[in-house]
Amino acid sequence: QVQLVESGGGSVEAGGSLRLSCAASGAIIDILYMGWFRQAPGKEREGVAAVATKGGTMYYADSVKGRFSISRDNGDYTMDLQMNSLKPEDTGTYYCAGVGRTGEWFGWKDARSFGYWGQGTQVTVSS
């Protein structure tokens, strides 16, 4: 079993920056990918960014490319999301997620691929 705990988040004005962190514990050797998803009220959960734990390939949603940066440290299995030039449409609950060795793969943007989830942290961007 894997536990994911997010930290960071908060409220910021448009154009500002925030940094989210995620710490993994438990059976971390089973994590193949780690990612960030967000969900706004009334909307589906969407993939924001992801990183492969082996090789470090990074993936970004088009809406955040050039503004967000994902990083991970396999030494202590932490993952960060640096969010710059934030926009009101970035508002939502952000979730840290992990892909284990079992389960079906639907691509990194699909929440169904991820079997491990954190509790979520709120990000609010005001205009």
Side-chain angles (χ1 to χ4, degrees):
Q1 195 58 270
V2 172
Q3 294 80 42
L4 302 173
V5 178
E6 302 102 337
S7 60
S11 297
V12 67
E13 292 186 350
S17 299
L18 286 172
R19 188 175 186 89
L20 306 181
S21 295
C22 174
S25 61
I28 57 178
I29 194 172
D30 290 337
I31 301 176
L32 302 179
Y33 292 85
M34 293 183 74
W36 289 97
F37 283 74
R38 66 187 179 192
Q39 188 166 21
K43 295 190 176 181
E44 291 188 358
R45 194 169 295 191
E46 63 170 342
V48 175
V51 58
T53 55
K54 288 183 172 55
T57 302
M58 301 175 190
Y59 308 87
Y60 295 95
D62 289 342
S63 60
V64 306
K65 279 181 182 176
R67 301 189 297 122
F68 289 13
S69 178
I70 192 171
S71 60
R72 97 271 187 252
D73 183 338
N74 280 357
D76 57 5
Y77 265 81
T78 58
M79 176 181 65
D80 291 346
L81 184 69
Q82 178 65 42
M83 304 184 293
N84 298 326
S85 302
L86 282 161
K87 304 175 181 180
E89 50 263 43
D90 294 319
T91 294
T93 302
Y94 282 68
Y95 298 90
C96 172
V99 177
R101 296 183 182 277
T102 60
E104 196 168 350
W105 180 248
F106 296 94
W108 76 266
K109 291 183 183 179
D110 195 317
R112 295 175 296 171
S113 299
F114 292 75
Y116 304 114
W117 292 89
Q119 79 285 358
T121 186
Q122 180 66 33
V123 170
T124 303
V125 184
S126 58
S127 57

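- Judged by the 6.0 Å and 45° rule, R45 forms no cation-pi pair with F37.
- Aromatic ring pairs are classed by plane angle as parallel below 30°, tilted from 30° to 60° and perpendicular above 60°; the pair Y95 and W117 is perpendicular.
- Contacts of N84 classified as side-chain hydrogen bond (donor to acceptor under 3.5 Å, both in side chains), with partners at least two apart in sequence or in another chain: S17, Q82.
- Residues W105 and D110 have side chains not in contact (no heavy-atom distance under 4.5 Å, counting atoms from C-beta outward).
- Between the side chain of S113 and the main chain of W108, no donor-acceptor pair closer than 3.5 Å is present.
- Considering I29, I28, L4 in turn, I28 is the only one that fulfils the side-chain contact (heavy atoms from CB on, under 4.5 Å) rule with Y77.
- Counting heavy atoms from C-beta on, the side chains of F106 and F114 never come closer than 4.5 Å.
- Atoms CG and OH, from L20 and Y94 in turn, are 7.5 Å apart once rounded to the nearest 0.5 Å.
- No more than 12 heavy atoms of other residues, nucleotides or ligands lie within 6.0 Å of CD in E13, so this atom counts as exposed by the packing criterion.
- The shortest side-chain heavy-atom distance between M79 and I70 falls under the 4.5 Å cut-off.
- Put simply, the side chain of E6 gets close to the backbone of Q119: a donor and an acceptor are under 3.5 Å apart.
- Aromatic rings from Y59 and W36 are positioned such that their centres are separated by 6.0 Å or more.
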